[in-house]
Every structure is written in structure tokens, then in C-alpha cells.
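None of these values were measured; they are calculated from a predicted model. The sequence lines fix the lettering, A, B, ..., with proteins before strands; numbering per chain opens at 1.
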Amino acid sequence: MKTKNKSMIVIFLAPAIFLYTMVFLYPTIRTVIMSFFKVEGVTDAVSAWKFNGLGNFRTLFHTPLFMSALQNISLIWLVGGVGVMLVSLLFGVILTSGVHGKSFFRSVIYLPNVISAVAMGTMWINYVYNPNFGLLSSILKTLGFSEAAATQWTGPEMVFWSMLVAYCFGMVGYHMLIWMSGIERIPVDFYEAATIEGANVFQRFSKITLPLLKGVCRTNIVLWTVSTMAFFVWSQLFSPVNLSASTVTPMSYMYELVFGASNSAITVRDSGAGAAIGVILTIVVVIVFLFTQLIVRHDDVEL
Amino acid sequence: MKKKLCSLMAIVLICAMALGGCGGAAQSSAPAASGEAPAGDAKSDVTVTYYSMWNETEPQGQTIAEAAEAFKEKTGITVDINWQGRDIRKTLQPALDAGQEVDLFDEDLERVNGTWGKYLLNVEDLAAKSYDTTDGKPLTDVINKKLVDLARSLGPDGKLSTIPYQPSTFLVMYNKDIFKTAGITAVPKTWEEWLDACAKIKAAGKTPITVDDAYMASLFGYHMARLIGKDKTLAMVENKKIDDPAVQTFGEQWKEMYDKGYISKNAAGNIYPAGQQEVASGDVAMYLNGTWLPNEIKNSAPADFNWGTFAYPAVGKDGDGPEANQYGAQCFGINKDSKHAEEAFQFIVFMTTGEWDNKLAAESIGVPMANDATWPTQLADAKAVLDATTTRYPWAVGMENDADINAKIKTNFALLVSGKLDAKGFADAMKK
């Protein structure tokens, strides 16, 4: 019986392990090694690689555009993260409080996740931020704020915040669903008992809901971090042809370095530096993950 | 024991299948020695694999697809087209490195020769032959000499390795009707004439010029080269220091354009293609862009849009004049490992001469390659500019070669034309 199990384990695990090694482990190790070499094209033969030590990392940290990318991604993570978490938690709490039309509102708020980011981006750029006929401009004009209506929402001073609002708009529904699943797991008895004891809605939220959502909070932060680090499409949409300091993110800069993706006929390709960006992003995600483990401890009440 | 053997065999089988899948594309093919074209005549029962930079739905893609069918009918040679679109920048090199069968590919002339030069077959010999659509002459004698010379100068070792098609020139594209309404009788050749034309356009109730984020670096590069010349402009990019005193002059001149209301009030926030759409709507008269513009905005511009083109005017006495312009083309390149180089070249000739050269130009409102071809009416003026061009600028006069410089121009130019920076502030910000 024992032997039989072992062979079955081997048979079922071998393909998975083999594929995992081929499509995940091998590229990961290759990328880490590549980050220490000077490599032009991503498919260049290893014989063409030149050892560069920490040179790629040094170059990156001396490149203004990469530093802008790090600054942008930090702001997206922090400001966008706080905004999305608060708004999605608010929606989550409202929708689980017995409000009518829960399914409808949940679907409506989640809808932007179903629509392609490219379509969403086009909508925001052309129909919300357009200074001639966009939604913002029209509303501000109607309200009589003609100076504010003339704001260049996609100009260099505002484009980062415009992009962030558009991105966060789409992310609220996703995190709201996670909050809702956490809130719905809290037994109704807790609230009933608290209500009988005279707790008001804010007390119920801060003393019951919030403490019992620690695990969900951790999940949300890690998922937000992972999706933020992969911030790419919105960056491309708000600066479609070549990079801008206001919208560049590490992923879009990596794309430029690895594929020479800009409009220019001659672009410097540097896959080694691109790999180094990948390594930096991985380290950031791991650090944030460890950090959230530290601040949001595993002391959840068993429900 | 038997079960163990079965398990082992199953694992080996799965591994073999997976490896087969991974390695299937890596076919070995003997590289042609020193990249020379193989001898021998074209065969008719072969398939040429072509990685195209177009999408099937673009006018160029549609025309090339039709041409491939006509080519098969005429020669029996099948051209199997892989529509890569602009993703070819990501997909071609891995495909070539993996040894996939790619006989023919295309992209921008500078990119193909610069980035993929080591994969190119030297086509000097093939181009020296005559073909049935070249009227008994070598191909290089019947197609645009300026572009052939350019392809040769950019090619590996200065040899012809690519054949250009769809030539383009970068110049001021303008709305002739607005010029006529404003009473402008001749296109501006100097900065004074330019300002005078802008004043007339403004008085006629239209906006003289616009730009969007994608072309700000080109505008800056062109204007700087007109102020201090091509070499000094390129040297700034080379040294990664945009610090010439003329940068402030640029700031003063474009601040004046902003102050007088000559540049679109949306220019600072225009995300491509918002700027060119302003031209299509008939609100803006001029746009510094390539000869591809009429094709790009044909769906939003009126069918009878009256296109005109002229070279960017002379700005300062130390800089270049209208005889200096950027021009280039798309181009076809043949894989040096191709087993069907002759057949692939036949298709290149088919596309760059005669009926299909004309059809490609007409369908894409582009410039034809053959010397005797007629340019589309929208670009009739551009031919004169290209013919008179004696100095060639590289793309954006180098300003897009460095992503940091490009990003800096985009931010600071936008701040300049929205009144947030003055000329000195602009020059200082560009120096940082």
C-alpha cells in the first residue's frame, strides 16, 4: 500500500514539478543571475553576457527616470492604498449592513474590474479628463468654477494624480469583495449582543468588525502590493508612446529597457538592468509581505 | 517492480513530450557563410515566412495580404504572413534566436539595421539584379535613391541589407483651407514669417499649432537644430546635457507662442493622439509630424481635408535651414539563415515596384518607393521637400534616444506652454 502511494505521488507530482521548474524556477534563477551581467537582448546567448557585478543596480539608482518610477510606485502604493482600502472598507461595511439592493450595488462597484483596463483608461482620458468636453470640465463649468474647469488634468502637474484616481476607481470593487467576505464571516450574534448592550454603529464597527478583520486586512495589503508592483497598463495608457517622469513605473521602465519599446528608432536595450528591476520589485514585495506580517499579527479570533 | 517501471516510463514519456514541445521550434539551419545571398534561382513551390510589423486590419496589412495572394498567383510562391503588429519589437528577436523559420521581416529602417543588424542578409547582389517589374534595370536603379543610400549607410558594414518601402518625411503638416481663410499666400520660410502666419491664423479664429506628448521631443529637437545646427544638437544628447545657451532662446520663442495664444491651450495635457485630433477637427492649422499623418487621422478628418506640407522654417542664423529634415522609411530585411532568400527578395521587389507599390501608397495615403510612381495628392508638397533635403536628421534629432532626456523635454515643454515656466526656468530645468 505504501509503495503504491509513493509511485502515485511520483506520477502525479513529476509533471507539475517539471513544469514548475521549467516555467518558473528556471526563468527566475536566470533573471537573478542576469541582473548581475551586462546583457543587451533578453534572448542573447549566455556567452555574450558580461559580468557587471552590482553595476546594473548602481546605474538604475543613478537614473532619474528610475528614481521617478520608484517615487511614483511608492505614492501609488501608499496614497492609492490608503484611499482604496478606506473606500472599499466603507462600501463593504455599508453593503453588509442589510442595505437594500446589495447584489446590484456590489455588481456595479465591481464592474470596472470586468472591463479591460485599456477601455477604462480610454474612457478616463477622453471622457473624464478632456478639457473641452470631459465630465470633470463640464461639471465644474456648470457649477461656475471656470478656472478649475480649465485645469489640464493630463498635464505634467496633474497627470499622476489623474492616473491614480482612475486606477483606484477600478480597484475598489475587488478589495470591497474581500472585505465583504471577511465581514460576512463575523457571527451576527456579536452585533446583536452589542446592540442590546447599547453599542452604537461606530462602536460596533471599531470594537467588533475592525478587530476581526485583521487577517482580511493583511490579505488586502499583500494583494494590493502585488498588483501595485505590476502597475504597467495604466502607465502605458497615460503616456502611450514614450515614458514620462510623472507616469513611469518600474514595470514600464523595465519594458523600455528590455524591448526598446519607445517610439524612438534607436533605443538602448539593457536586459541586465531590466532583470535588476525585476529583482528589486521582488525584494520590495517580500519586504512588504514581512512588514505586514509584523504589524498585523496572526492573533485572529477563531470564528 | 513492474509498477515502478510503469511509473518511470510514464515520467519519461511526459518529460519527452514537454521537451519536444519546448524544442520543436528550434530547427537547425545552416547559416549562409558571411551573410552573403545564396546562389541559385527562386523556386516556385516554396513558402516564405514573413514576420510583419503591420496588423491585418491596417491599410498596409490589408494591401500586403492582397499582394501576397497576387504574388502566389503569379509565381506560385506562398508568403505566409505572421501579423505581429508593433509587438514585433518583442517577438522577432526571440524567434530568430530560437531558430524559428523567419525568412522576411520588416520594421523601421533605423531599427531593423541598428537593432537586428546581425540577423540580416546582405542583399547587394540580389538588389543588383533586374526583375520583370524593374524594366530590365537593377532594383536599386528604379527605387528612391535617397532611401537606398540611407539603407546602405545604416546597414551592417555600410552594405545594403534592407530594402526600404513606405518612405516618410517629418515636416509641418497643415490645413490649406485655414491658411487660405487667414490670407496666407506663401508658406513661412523664416521664424518671422512663421510668427506672421500664426498671427493671421489667430486673427482668423483658429489655433495656429498644437502638439501632443508623443511629439514634443521631435519639436524641441527640430527647433534646436534650426537654432544651433544638427551636430551641436546631437552632441547635447550624446553628453546627456541639454545646456546650450540656445535652450533659453527656444524657451523665449515658445513662451512667446504661448503668450500670444499661438499654441493650443490643450497642448500641455494632450496625450497622443489628442493633439493630432485637434488638427483633424479643423480647429488647429499646423502640426509638426510625419507624412503618415493623413493616414492616421483619415477616419476623424473630413474626406476632403486639404492637406499641405512644408519644411520647418529657419529660426536662427547659426542653425540649419529648411534643407535639413528627418526622413526614413519602413524596410524589409531577409534573415541571413533563410533558405528562401531569393523568393523572399522577389516578394520585396513585388512590393516596392509597379502595381503594389502604387496600391500600398494609395491605400495607406503613403509615399511610394518607385521613382516613377505618383505621390498621393495629400503629400504632393512633401515630395518637393524630400527632394530638396540635403541634410538628414535622425529621428527627433536624437532627442528620443535617451529616455531621461525625452521625459525631461515632455515635462518642461508642457510647463512652458502652459505658462508655468518662463524661458529661464525652462532652460534651468533642462540643465538639471
Considering all heavy atoms, the nearest [X]-[Y] contact:
X: R111(B); Y: G260(A); value: NH1-O, 3.2 Å
X: T63(A); Y: D404(B); value: CG2-OD2, 3.1 Å
X: F238(A); Y: D213(B); value: O-OD2, 4.5 Å

Is a side-chain N or O of Q152(A) found less than 3.5 angstrom from the main chain of A267(B), in a donor-acceptor match?
->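 Such a contact is absent between Q152(A) side chain and A267(B) backbone.
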Just so I understand: if I count every heavy-atom pair under 4.5 Å between each of [options] and chain A, which residue has the most?
options: K432(B), E110(B), M399(B); value: E110(B)
options: A403(B), S218(B), G328(B), A274(B); value: A403(B)
options: G398(B), P94(B), A414(B), P394(B); value: P94(B)
options: T411(B), L109(B), N266(B), N401(B); value: N266(B)

May I ask you to name which of V159(A), V241(A), T43(A) has the most heavy-atom pairs under 4.5 Å with chain B?
->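 Sorted descending by pairs with chain B, the first entry is T43(A).
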Which portion of [X] sits near chain A, non-hydrogen atoms under 4.5 angstrom:
X: K408(B); result: neither
X: K240(B); result: neither
X: A214(B); result: both

Sequence neighbours left out, what pairs pass salt bridge (Lys or Arg N to Asp or Glu O under 4.0 Å) with at least one residue falling in residues 67-77 of chain A?
->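 For residues 67-77 of chain A, and leaving out neighbouring residues, there are no salt bridge (Lys or Arg N to Asp or Glu O under 4.0 Å) pairs at all.
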For residues 30-39 of chain A, pull every pair meeting salt bridge (Lys or Arg N to Asp or Glu O under 4.0 Å), keeping only residues two or more places apart or in separate chains.
->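 Output for this query lists K38(A)-D270(A).
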Does atom CZ of F51(A) have more than 12 heavy-atom neighbours, drawn from other residues, nucleotides or ligands, at distances under 6.0 Å?
->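 More than 12 within 6.0 Å, yes.
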Atom CG in D97(B), atom CG in D44(A): separation rounded to 0.5 Å?
->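 Nearest 0.5 Å value for the CG-CG distance: 6.5 Å.
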Rounded to the nearest 0.5 Å, how far does NZ of K90(B) lie from CZ of F259(A)?
->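 Between F259(A) CZ and K90(B) NZ, I get 6.5 Å after rounding to 0.5 Å.
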Against chain B, label L257(A) side chain, backbone, both or neither, depending on which of its atoms sit under 4.5 Å from a heavy atom there.
->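 When you check distances to chain B, no heavy atom of L257(A) falls under 4.5 Å.
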Side chain, backbone, both or neither of S68(A) within contact of chain B (heavy atoms, under 4.5 Å) |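 Answer is neither: S68(A) stays 4.5 Å or more from chain B.
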Can you name the residues of residues 120-145 of chain A that have some heavy atom under 4.5 Å away from a heavy atom in chain B?
->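 The residues closer than 4.5 Å to chain B, in numerical order, are I125(A), P131(A), N132(A).
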Proximity of residues 242-251 of chain A to chain B, residues having a non-hydrogen atom under 4.5 angstrom =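 Contacts with chain B: N242(A), L243(A), S244(A), A245(A).
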Full working for side chain to side chain contact (heavy atoms under 4.5 Å, CB included) between E40(A) and Q93(B) | CA-CA 12 Å; E40(A) 191 189 346; Q93(B) 191 172 349; over 6 Å; no
